[in-house]
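These notes are about the structure you will find just below.
The structure displayed is predicted, hence computed values, not measured ones. Heads up: numbering here begins at 1 and tracks the sequence.
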Amino acid sequence: MAIKQFGNKGWTPDNIGSLAGKTYVITGANSGTGYQATRILLSKGAKVVMMNRNPDKSLMAITELKETLGTNIDISFITMDLGSLTSVKKAASQLLDEVEKVDALICNGAIAQVAKQQLTVDGFESQLGVNHYGHFLLCGLLYPRIEASNGRIVVVGSTAYKMGKKRIQFEDVNFDSRYTAWDSYAQSKLAQVMFAYELQRRIQSLGKSVQVHVCHPGASRTNLLKDTASTFSKVLWAVMSRFIAQSAEKGAWPQLLCATQDGLTSETLYGPTKRADTVGPVDINNLDKIALDEEAAERLWTLSEKATSFTWDLNSPSLTPDIQKSNS
């Protein structure tokens, strides 16, 4: 049985105090749980930078947020396609030029249940490319700024990490031989949580202050499947979600917890705790041991560095935000 850290009612945004002076960066924030997390952070006085693929939808989201919260909120966006390493590099460079500190990078953007195998422009299976490789590179590029800000990295995973094949299919990560929407999605989410816990271990071994936390939204009513899933899957989810899913707002609570709450622990998964961790009070979930497979995580890290042509250097000293900005 999972440990309760926040009591019977679990964690809620009521736990968040004033976030004035704080800056949060969220991927995939123009709809769904990312949008709701953005709205709540802004309502607490934070500055939020959304990193979204679609600029038109980003502008629409900003308009809606200003209509709801007032025109004085500090909200902006940077166009970024997680499925393109070139786009991720360009967006990260722009953010480093424009944003002096990052209190938390929330890796929320994702695609799911892609009906037929699709490859990114860089040749990766699309779910692995968007959900894992894109964030792996973004986290690495922004890490020095996050460290200089004494900030956090929040990885939004899914309970799908412990489903499907329950392993990284290193011999065929693109599922060229036998593609299934579910197995490839589950692999991408396993890759995300493995990366996060491996990053935790590496940071802690060096005595660094950056926190890395992992959460999942449970079953939430969002448009995640709208553009990628098969017609059958979309219809099935539309019917099921009326009875088993929670609101997108509640689905955002775990990432808000991980981005703002003090006293969180390592090698922990935060999310809803009822109905097989799909809905209910937000707290600690039981963590399947596959997520903490250090040998597989190290192998994934090496594969990810090779795929993204990016080598992490956690040993280099962090710079102050002002110095970093002038050198970026």
Tell me, do Y185 and I111 make a side-chain contact under 4.5 Å, heavy atoms counted? no

Does a donor on one side chain and an acceptor on the other come within less than 3.5 Å for H216 and D277? no

Taking V99's backbone N and O only, do any of them form a donor-acceptor pair with R145's side chain (distance below 3.5 Å, no angle check)? yes

H135 side chain to N131 backbone, donor-acceptor under 3.5 Å: yes

Would you list the atom pairs, donor with acceptor, under 3.5 Å between side chains in residues 16-23 and any protein atom, with sequence neighbours excluded?
residue, atom, partner, partner atom, Å
S18, OG, A20, N, 3.3

Does atom NZ of K47 have more than 12 heavy-atom neighbours, drawn from other residues, nucleotides or ligands, at distances under 6.0 Å? yes

R152 side chain to C258 backbone, donor-acceptor under 3.5 Å: yes

Heavy-atom side-chain contact between L85 and F310 under 4.5 Å: no

Checking the side chain of K208 only, and the main-chain atoms of L314 only, is there a donor and an acceptor separated by less than 3.5 Å? yes

Side chain Y270, main chain W253, donor-acceptor under 3.5 Å: no

Please find out if less than 6.0 Å separates the ring center of W301 from that of F136. yes

How about D176 and Q117: does a side-chain donor come under 3.5 Å of a side-chain acceptor? yes

Quick check against the 3.5 Å criterion: does T273 have a side-chain atom that pairs as donor or acceptor with the backbone of P281? yes

Would you say that I62 contacts K66 through its side chain, given a criterion of any heavy-atom pair below 4.5 Å between the two side chains? yes

Given 3.5 Å as the limit, does a donor-acceptor pair link the side chain of N15 with the main chain of Q261, or not? no

Go through the side-chain N and O atoms of S177 and D172 and say whether any donor and acceptor fall under 3.5 Å apart. yes

Other residues, nucleotides, ligands: >12 heavy atoms within 6.0 Å of D313 CG: yes

Could you tell me if Q127 and E125 have a donor-acceptor pair between their side chains, going purely by distance under 3.5 Å? yes

Name all residues meeting the side-chain contact (heavy atoms from CB on, under 4.5 Å) criterion together with E295; count only those two or more places apart in sequence or in a different chain, and write none if there are none. D293

Sub-3.5 Å donor-acceptor pair from the side chain of N30 to the main-chain atoms of M51, do we have one? no

Could you tell me whether the side chain of V130 reaches within less than 4.5 Å of the side chain of F124, counting heavy atoms only? no

For the pair V25 and M50, evaluate side-chain contact (heavy atoms from CB on, under 4.5 Å) and give the outcome as yes or no after the intermediate values. CA-CA 6 Å; V25 178; M50 304 185 296; over 6 Å; no

Do T268 and H213 have side-chain atoms, one donor and one acceptor, less than 3.5 Å apart? no

In the structure I gave you, are the side-chain heavy atoms of L303 and V173 within less than 4.5 Å of one another anywhere? yes

Please find the pair of heavy atoms, one from Y179 and one from A115, that lie closest to each other, and give the distance. CE2-O, 3.7 Å

Is there a side-chain contact between S266 and Q204 (heavy atoms, below 4.5 Å)? yes

Y24 versus A259, closest heavy-atom pair with distance: CE2-O, 3.7 Å

Short question: side chain of E305, backbone of W312 - any donor-acceptor pair under 3.5 Å? yes

Using a 3.5 Å distance criterion without hydrogens, assess whether the side chain of Q5 forms a donor-acceptor pair with backbone atoms of G263. yes

Among side-chain atoms of S149 and D103, is any donor-acceptor pair under 3.5 angstrom? no

Only one of K165, Q113, Q187 passes side chain to side chain contact (heavy atoms under 4.5 Å, CB included) with W182, and that residue is Q113

Can you name the closest pair of heavy atoms from P254 and G251 and give their distance? CD-O, 3.3 Å

Under 3.5 Å, is there a donor-acceptor pair between the D81 and S84 side chains? no

Would you check if R299 and F170 make a side-chain contact, meaning some heavy-atom pair closer than 4.5 Å? yes

No-hydrogen, no-angle side-chain donor-acceptor test under 3.5 Å, T27 and N108: no

List in chain and number order the residues that pass salt bridge (charged side-chain N to carboxylate O under 4.0 Å, His left out) with E249, two or more places apart in sequence or in another chain; answer none if no residue qualifies. R39

Write down the atom of S188, the atom of H132, and the distance for their closest heavy-atom approach. O-CB, 4.3 Å

Enclosure of K90 NZ (heavy-atom neighbours >12, cutoff 6.0 Å): no

In short, A29 meets T38 closest at the heavy-atom pair CB-OG1, 3.5 Å

Please tell me if the side chains of I284 and W11 come closer than 4.5 Å, counting only heavy atoms from C-beta onward. no

